[in-house]
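Here the structure is laid out as structure tokens; the discussion comes afterwards.
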Amino acid sequence: MRRFLLFGVCTLAVAGVACDEKLSDITGPTPNLSTSFSSIQQTIFSASDPSGRLACVGCHTDQGRTPPVNLVLTEGRSYQQLVGRASTGKPGATLVIPGDPDNSYLVKKLERAPDIVGERMPRNNGPFLTEGQMRVIRRWISDGAANN
Amino acid sequence: MAPQTIEVAVTLTFLRAVGIALSILVAATPVAAQAPQDDPDLDINFAQPDFTLVTLPTTLRVPKFKSAFRVTHRFTRPLGDGSFGDLAGDLFGLDSGAQIGLEYRFGIMRATQIGFHRTSDRTIEFFAQREVLAQGERSPLTISALATIDGTNNFRDSYSPALGAVISRTVGEHAAFYLEPIWVNNSNTLPSEVIDDNDSVLLGVGTRIRIRPTVYLTLEGVPRVTGHDPGSTQIGVGLEKRSGGHMFQLVVSNGFGTTVGQLARGARDTDDWYLGFSISRKFY
């Protein structure tokens, strides 16, 4: 019995040794990015980052201009503009489909899927979101695209 | 974090892992008797002549204070690329690059071995194995406890500890059969926030059949039965020749993995097969 207890304790200890990677290891220029919508809003939509990527709200705002494809990504409005909403740029596409990042048009536009209309975002050849930043956005969508 | 602090943290993690692995193995069995001068572990085990199948460990014991070395080569040219003439022109892949592994194991006490395996993608695996039950009158099977830990980037990143059992049954001097359930933690090298599974459970199966007095056929497969399972199941076939303390093995496999963490990440998700070889040497 003592042997099995020791084995169990040691098993748990070995599990504790495992060093899960930090999210900041993959999110590159936005180390504070997490999988919540508020974090994506603050870090991606509303802010530029040190890589030179421009904030989405530089164009996607209705403050003093007409937003491209009628999409406003400013804080407080972006969630309703994205989740479950049809794209005005591509008929039949939905910008964010909760649980389905592969078919969400937002992801397609950010990753340059072959069936997008127009250019990849951010426009003018980037800099684009990194693979790690995209993984975070994809995870938020696959987790249900909550307004959290 | 300062580089010195990182180095200290890595060193402490490693020492902790080795300490824990050893304590598991020692705790799992009664204290073994001192090895006598005529240690039977020094004898050739005809059914189980080496410490690995193709990649999976066997239950062969390293004699106390003895050691063994192994080099693995997995050529990266798919055997199915181009015509047979192209393949022959590349000497069946030998002209291509290879993933190379170097391994050393040491018997620290009777029925207990430790070692390391480094592959040329800069993964280092440390392992420990302890026999807890021997095939004989009391048991139809030999069972060894296995503990390993992989670290990528020269054991600086992505640590994947694993615990498992190596279960074997030998049939006279003709064959040995293996079943190896192994749990691998942190088999996914991405942060847990963006993934579904961070563990894998492997169920290695394999056999070694003695087809001539010193020639063996080895087969193994390492399916992931639950958890993170990218790519496809790694399968390997080996043809071996034993010569004194050496074992020469020619391998055909669908993947390059030779550590437990690499096996958990699977073979490449293609129909490609690759040539390779392994050479092991016992220093006793």
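Every chain is numbered from 1 and lettered A, B, ... according to where its sequence line falls, protein lines coming before strand lines.
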Is the number of heavy atoms from other residues, nucleotides or ligands within 6.0 Å of CG (A:Asp115) greater than 12?
-> yes
Interchain contact, A:Leu23 with chain B, by part (heavy-atom threshold 4.5 Å) = both
Mark yes when over 12 heavy atoms from residues, nucleotides or ligands other than A:Glu131 sit less than 6.0 Å from its CD; otherwise mark no.
-> no
To the nearest 0.5 Å, atom CD of B:Glu193 lies from atom OG of A:Ser36 at 11.5 Å
Check whether any side-chain N or O of A:Asp20 sits under 3.5 Å from a backbone N or O of B:Ser192 as a donor-acceptor pair, and report yes or no.
-> yes
Residue pair A:Ile26 / B:Pro191, side-chain heavy-atom distance below 4.5 Å | yes
Between B:Asn198, B:Asp199, B:Val194, which has the largest tally of heavy atom pairs under 4.5 Å with chain A?
-> B:Val194
Step through the shown structure and confirm whether more than 12 heavy atoms of other residues, nucleotides or ligands are within 6.0 Å of CZ on B:Arg118.
-> yes
Is it the case that more than 12 heavy atoms not belonging to B:Arg268 sit under 6.0 Å from its CZ atom?
-> no
Should we count CZ of B:Arg138 as having more than 12 external heavy atoms under 6.0 Å?
-> no
Taking everything shown except B:Lys66 itself, do over 12 heavy atoms lie less than 6.0 Å from its NZ?
-> no
Between A:Glu21 and B:Thr189, a side-chain donor and acceptor under 3.5 Å = no
Is chain A contacted by the side chain of B:Ile195, its backbone, both, or neither, given a heavy-atom distance below 4.5 Å?
-> backbone
Quick one: CG on A:Asp25 to CG on B:Asp157, what's the gap to the nearest 0.5 Å?
-> 7.5 Å
Please list all pairs passing the ring pair (Phe, Tyr, Trp, His ring centres under 6.0 Å) test where one or both residues lie in residues 119-148 of chain A, with sequence neighbours left out.
-> A:Phe37-A:Trp140
Less than 4.5 Å apart, any side-chain heavy atom of B:Asp196 and any of A:Arg139?
-> yes
